[in-house]
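A quick write-up on the structure given underneath.
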Amino acid sequence: MLEKTTRMNYLFDFYHSLLTPKQSNYMSLYYLDDFSLGEIAEEYEISRQAVYDNIKRTEVMLEEYEEKLQLFQKFQERTKIFQKMKETLQSETDSKNELFSMLERLEKLD
């Protein structure tokens, strides 16, 4: 569950501007502020089921955006490359060729 929550938080960060205000508010309350479905339903004076349905539809939309745009995937790849570069720079046996190769990989991500 924590892995899904983390993924949804990242997807929301990348794609929240593509959501409607209502979708954005529900996702923010549910994933970022840790509101329950009942608390959100009470806040908006709607049924708990309506909140659940909206959140589930929005999760599907976020996954579809990621499938098409891959912003989160590219972010993860960049993070790994940056970490590897740091490790290479800190090691005694760092190689300029290896660092150059990593920089080229970063350039190709965009």
Side-chain angles (χ1 to χ4, degrees):
M1 182 64 176
L2 183 59
E3 193 173 301
K4 179 185 177 187
T5 300
T6 302
R7 180 175 175 77
M8 280 300 131
N9 281 328
Y10 273 112
L11 294 181
F12 180 71
D13 282 346
F14 283 111
Y15 303 114
H16 73 275
S17 62
L18 301 175
L19 302 176
T20 66
K22 183 168 77 171
Q23 290 171 323
S24 186
N25 289 338
Y26 288 1
M27 293 297 284
S28 177
L29 289 172
Y30 188 70
Y31 281 106
L32 301 177
D33 298 333
D34 203 28
F35 275 43
S36 70
L37 296 175
E39 290 170 324
I40 299 169
E42 188 177 312
E43 176 88 16
Y44 287 91
E45 298 178 350
I46 59 173
S47 72
R48 185 182 175 283
Q49 185 65 44
V51 173
Y52 176 82
D53 290 344
N54 185 288
I55 288 173
K56 290 302 166 192
R57 278 193 309 273
T58 304
E59 288 173 352
V60 169
M61 288 176 64
L62 291 173
E63 290 292 354
E64 288 173 356
Y65 292 148
E66 175 59 16
E67 187 178 318
K68 292 174 185 169
L69 301 172
Q70 299 180 348
L71 297 178
F72 181 49
Q73 179 184 340
K74 289 177 183 177
F75 169 77
Q76 288 178 308
E77 289 177 32
R78 275 189 205 91
T79 302
K80 287 178 187 175
I81 293 170
F82 285 132
Q83 184 60 39
K84 179 70 174 158
M85 290 175 75
K86 287 179 186 177
E87 291 169 5
T88 302
L89 285 170
Q90 290 173 345
S91 73
E92 295 282 332
T93 60
D94 64 299
S95 160
K96 287 183 183 179
N97 289 336
E98 188 176 352
L99 289 172
F100 186 73
S101 171
M102 286 183 246
L103 286 172
E104 286 180 332
R105 286 177 41 209
L106 282 172
E107 286 177 336
K108 290 178 184 177
L109 283 177
D110 295 322

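Residue indices begin at 1 and follow the sequence shown.
No donor-acceptor pair closer than 3.5 Å links the side chain of S28 to the backbone N or O of S24. A donor-acceptor distance shorter than 3.5 angstrom exists from the side chain of Y15 to the backbone of L71, with no hydrogens or angles considered. Without hydrogens or angle criteria, E66 side chain to Q73 main chain gives a donor-acceptor distance under 3.5 Å. The backbone N or O of I55 lies less than 3.5 Å from no partner atom in the side chain of Q23, so there is not a single donor-acceptor pair. Between the side chain of N9 and the main chain of T5, a donor-acceptor pair closer than 3.5 Å is present.
Residues forming a ring-ring contact (aromatic ring centres under 6.0 Å, His included) with Y26 (at least two apart in sequence, or on another chain): Y44. Considering only residues two or more places apart in sequence or on other chains, E63 meets the side chain to side chain donor-acceptor pair (under 3.5 Å) condition with R7.
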**Worked check of side chain to side chain contact (heavy atoms under 4.5 Å, CB included) between V51 and R48** = CA-CA 5 Å; V51 173; R48 185 182 175 283; 5.8 Å; no
**Asked** How far apart are the C-alpha atoms of D13 and F72, what are their side-chain angles, what is the distance that settles it, and do they pass the side chain to side chain contact (heavy atoms under 4.5 Å, CB included) test?
**Response** CA-CA 9 Å; D13 282 346; F72 181 49; over 6 Å; no
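With a 6.0 Å radius and a threshold of 12 heavy atoms from other residues, nucleotides or ligands, Q83 has its CD atom above the threshold. E104 CD: more than 12 foreign heavy atoms inside a 6.0 Å radius. In this structure, K68 places its NZ atom where only 12 or fewer heavy-atom neighbours from other residues, nucleotides or ligands lie under 6.0 Å away. The number of heavy-atom neighbours closer than 6.0 Å to CD of E42, taken from other residues, nucleotides and ligands shown, is 12 or below.
Aromatic ring orientation, Y10 versus F14: parallel (interplanar angle below 30°, classes split at 30° and 60°).
Contact check on K74 versus E77 returns no salt bridge, with no Lys/Arg side-chain nitrogen under 4.0 Å from an Asp/Glu carboxylate oxygen.
The line from OH of Y65 to CZ of F12 is 12.5 Å long, rounded to the nearest 0.5 Å. Rounding to the nearest 0.5 Å gives a distance of 12.5 Å between NZ of K22 and CG of L19. With values rounded to the nearest 0.5 angstrom, T58 atom OG1 is found 12.0 Å from L18 atom CG. Atom CG of residue D34 and atom CD of residue E39 lie 8.5 Å apart, to the nearest 0.5 angstrom.
You'll find the side chain of N25 stays beyond 4.5 Å of the side chain of E43, heavy atoms only. Side-chain contact between L106 and M102 is absent, with no heavy-atom pair separated by less than 4.5 Å. E59 places none of its side-chain heavy atoms less than 4.5 Å from the side chain of L11.
In the hydrophobic cluster analysis, where Ile, Leu, Val, Met, Phe, Trp and Tyr join through side-chain heavy atoms closer than 4.5 angstrom, F75 is grouped apart from I81.
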